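Each chain gets a letter, A, B and so on, in the order the sequences are listed, and its residues count up from 1. The structure displayed is predicted, hence computed values, not measured ones.
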There are 2 protein chains.
Amino acid sequence: MLFSELPDTAFEHMLHPIDHFIFSPGSLLHEAGRHGESIFSIRRGLVKLINVAPAGVQRIVRLLGPGSSVGLELLDGGEGYRHSVVAVNQVDACRIPVATVKQLQAEYPVLHNQVRERLQEQLDRADAWIVSMGTGPAKERVANLLLMLGEVSGDANGDIEMLGCEDMAAIVGTSTETVSRIIAELKRRRLVYKVAVHLYRLDTEALRVIVDQSVG
Amino acid sequence: MLFSELPDTAFEHMLHPIDHFIFSPGSLLHEAGRHGESIFSIRRGLVKLINVAPAGVQRIVRLLGPGSSVGLELLDGGEGYRHSVVAVNQVDACRIPVATVKQLQAEYPVLHNQVRERLQEQLDRADAWIVSMGTGPAKERVANLLLMLGEVSGDANGDIEMLGCEDMAAIVGTSTETVSRIIAELKRRRLVYKVAVHLYRLDTEALRVIVDQSVG
DNA sequence: CGAGGGGTTGACGCCGATCAAAGCTGGTGG
DNA sequence: CCACCAGCTTTGATCGGCGTCAACCCCTCG
């Protein structure tokens, strides 16, 4: 959580409320360009950050899970949200007014570091995304995506909630058909198999082999 | 500059020195993974941030010009540089010890905001990079790259210092031959033409048409 | 002037986009 | 509880873009 380093007393004379929200799958946390007042801190579930290109073609630039914050760009002031953010599954999040964050930053300088660390984490993720989702053959990119899903949203068993082909295509930058073909093959080879409705387990070892394929 | 909001008196009893460096084209500012003590603030010139993938295949994830800072990830502590950073042309930079930044942050909280804004700027750049350098046909991506070069490093006339084919290929994620073919065609169509050694001028309008091609 | 490192160009094959159609599956309403 | 429907996944066929290999050229630097 964004405020984990702060003492409980910090919230006693808060001017603006911190609310707790539950978003159902597919619902919109906020829209790109829209001016807003709210930063969200994800407690459970997965959200996708979408960069809408001039055309209708949209590309997903990040997946964020528990512990990550959304909307920190509002601290810059006057610019509005940079992405559209949509819940992938059921999402549990805190809505924190920008004014509250600024107020707490002034009182507790350690919060500056919390914010910076979260920005840095997202920057690291973005850089890794450029490499792993933008380089190499489609099969490698999909395998990479599955492994990444296991890390960011996997439960205790490492099981993942499978995304729709359209989302995966918007992540790895291919057509939905190509994604479907690859996933179908992985299922056939039992590198991915269903354990419940929408819940899949991964053969992490074998997938890593595919990822490192072009390395030799 | 990173310290533009700070009063001159801030630097009077500084424990660690701020040095001024000049890097020649191709020289290394710092290496990925290496632990270091120095943040660089670019005053002139252009640097490339390289993410070395497990294989020898390297991908350039960002280009930074005057006003940007390199190595802010060291503020997190204990992790070392995330990228290898190489000067593209002659680069003029300040080397600032991490300890100095931390000390100044404690004395002047406004510096926290300066750092945050620079991280946010790099995050925005990375997101734009994912979309513009990772989507669409090769010709569009190269055109996008040229336009971006004009913005980040263009001089008063918008003239750019042309990159090597290898660098451009590492940016747009194609082979060097493909880049060469595309650049050659652009030169033939006079959308790009030489005005001096290594200095090229762009037909910005026409390039934008290519970029928006798939939009219709 | 000679050597070498890019850049340029051609031929060819493959990966993945596109168009098209059929099969599943979960959700909805009777 | 079952039948049906809409949307998603799967699969096939075809074609174009781009990677790869290879040769050549040009400019630069020693």
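- Between B:Gln213 atom CD and D:dG16 atom C1' there is a gap of 15 Å when expressed in whole angstrom units.
- Here C:dC15 presents its P atom at 11 Å from CD1 of A:Ile182, a figure rounded to the nearest Å.
- Sequence order on DNA chain C of the closest nucleotides to A:Lys194 and B:Val179 puts B:Val179 first from the 5' end.
- Among the atoms of the strands shown, base atoms are found under 4.0 Å from some heavy atom of B:Ser180.
- Listed candidates were D:dA22, C:dA17, D:dC18. Nearest to the side chain of B:Thr178 is D:dC18.
- Put simply, NZ on B:Lys139 is 19 Å from P on C:dA17, counting in whole angstrom units.
- Here the side chain of A:Ser175 is nearest to one of D:dT20, C:dA17, D:dT10, namely C:dA17.
- Looking at heavy-atom distances under 4.0 Å, B:Lys187 makes contact with sugar-phosphate atoms alone, never a base.
- Between A:Arg181 atom CZ and C:dC15 atom C1' there is a gap of 11 Å when expressed in whole angstrom units.
- We find that CD1 of A:Ile183 is positioned 14 Å from P of C:dG16, with the value rounded to whole Å.
- No hydrogens or angles considered: a donor-acceptor pair under 3.5 Å links the side chains of B:Asp92 and B:His20.
- Atom CD in B:Glu185 sits roughly 14 Å away from atom C1' in D:dC18 (whole-Å rounding).
- Taking only side-chain atoms of A:Cys165, from C-beta outward, the nucleotide of C:dG7, D:dT9, C:dG16 with the closest atom is D:dT9.
- With no hydrogens or angles considered, a side-chain donor-acceptor pair links B:Asp124 and B:Gln120 at under 3.5 Å.
- The side chain of B:Ala184 lies closest to C:dT9 when the candidates are C:dC19, D:dC18, C:dT9.
- Taking the six-membered ring where the residue is Trp, A:Phe23 and A:Phe40 present perpendicular rings, their angle passing 60° and hence far from 30°.
- Both A:His198 and A:Thr176 lie near DNA chain C, and the one whose nearest nucleotide falls closer to the 5' end is A:Thr176.
- With 3.5 Å as the limit, one finds no donor-acceptor pair spanning the side chains of B:Asn113 and B:Glu117.
- Distance check, rounded to the nearest 0.5 Å: CG of B:Leu72 to CG of A:Leu123 gives 9.0 Å.
- The side chain of B:Arg188 sits closest to C:dT9 out of C:dT9, D:dT11, C:dT8.
- Side-chain atoms of A:Glu177 stay outside donor-acceptor range of the base of D:dC8, with no qualifying N/O pair under 3.5 Å.
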